[in-house]
Amino acid sequence: MLQHGACAARQGIGVLLLGPPGSGKSDLLLRLMGEGWTLVADDQVLLRAEGKVLRARAPEALRGMIEVRGLGLIAGLESAPEVPLALAVDCVPRAEVPRLPEPARFEALGQTLPRLALHAVESSAPRKLAFALEVLAGRLACRAGALEAVP
């Protein structure tokens with residue numbers, strides 16, 4: 001399944017970034033890469049189900065590429081070939097990010113992922129995603145909000 005979005009991975013675990021053009025997906029992806037995350041895909045993400053896991057990769061023609069607004073299409077970057085996804089993120093305007101969100105789910109190909117909304121261009125967005133992955137891995141707890149049901 002081809003999904004408009006972007007994807008980055010931390011320690012081999014992927015985060016799917018969703019939103020319309022101009023919502024900050026590529027900007028957030030660029031900042032994540034600057035913090036040690038790995039590029040998986042920009043603009044188009046190929047999703048596939050494998051057992052109970054939703055996996056993501058870049059279409060071959062876009063592998064190792066990212067669009068950097070104001071600079072252009074940058075190619076030849078190191079990228080992960082395919083990763084299991086742990087989280088989907090809606091890149092939304094700041095006013096649409098709830099303070100204490102209710103848990104939500106992203107569904108594709110019969111699989112579901114936890115889903116949250118972030119203002120992608122906010123300076124804290126990369127750290128928020130790192131916290132989210134730590135919660136999903138069980139190393140941190142979310143007492144209230146989008147990931148509170150995660151053990």
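For clarity, every value in this text was computed on a predicted model and none was experimentally measured.
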Practice problem: Could you tell me whether Arg48 and Glu50 have a side-chain N and a carboxylate O separated by less than 4.0 Å? | Solution: yes
Practice problem: Heavy atoms only: give me the nearest Ala117-Val92 pair and the separation to one decimal. | Solution: CB-CG2, 3.9 Å
Practice problem: Grab the two heavy atoms, one from Glu78 and one from Leu39, that are nearest each other, plus how far apart they are. | Solution: O-CB, 3.9 Å
Self-check item: Rounded distance (nearest 0.5 Å) linking atom CD of Gln3 with atom CG of Leu85
Solution: 10.0 Å
Exercise. Walk me through it: do Met65 and Ile74 pass the test side chain to side chain contact (heavy atoms under 4.5 Å, CB included)?
Key: CA-CA 5 Å; Met65 299 170 72; Ile74 306 300; over 6 Å; no
Practice problem: Please round to the nearest 0.5 Å and tell me the distance separating atom CG of Leu77 and atom OG1 of Thr38. | Solution: 11.5 Å
Quiz item: Nearest heavy-atom pair of Leu113 and Ala86: which atoms, and what distance?
Solution: CD2-C, 4.0 Å
Quiz prompt | Heavy-atom pair of closest approach, residues Arg115 and Leu87 | solution = N-CD1, 4.4 Å
Quiz prompt | Reported NE2-to-CG distance for the pair His4 and Leu17, which is rounded to 0.5 angstrom | solution = 10.5 Å
Self-check item: Reported CD-to-CZ distance for the pair Gln111 and Arg55, which is rounded to 0.5 angstrom
Solution: 11.5 Å
Self-check item: Euclidean distance, Arg57 CZ relative to Leu62 CG, rounded to 0.5 Å
Solution: 11.0 Å
Exercise. Taking the side chain as every heavy atom from C-beta outward, state whether Asp90 and Leu118 have any pair of such atoms under 4.5 Å apart.
Key: no
Quiz item: Would a 4.5 Å heavy-atom cut-off, applied to side chains only, mark Arg94 and Glu122 as touching?
Solution: yes
Self-check item: Trace of the side chain to side chain contact (heavy atoms under 4.5 Å, CB included) decision for Phe106 with Leu116
Solution: CA-CA 9 Å; Phe106 170 81; Leu116 54 92; over 6 Å; no
Quiz item: Which atom pair, heavy atoms only, marks the closest approach of Met33 to Ile66?
Solution: SD-CD1, 4.1 Å
Practice problem: Of all the heavy-atom pairs spanning Cys7 and Ala56, show the shortest one and how long it is. | Solution: SG-CB, 4.0 Å
Self-check item: Sole residue of Asp43, Val45, Leu2 in side-chain contact (heavy atoms from CB on, under 4.5 Å) with Pro59
Solution: Leu2
Quiz prompt | Approximate separation, where rounding is to 0.5 Å, of Leu54 CG and Leu16 CG | solution = 7.5 Å
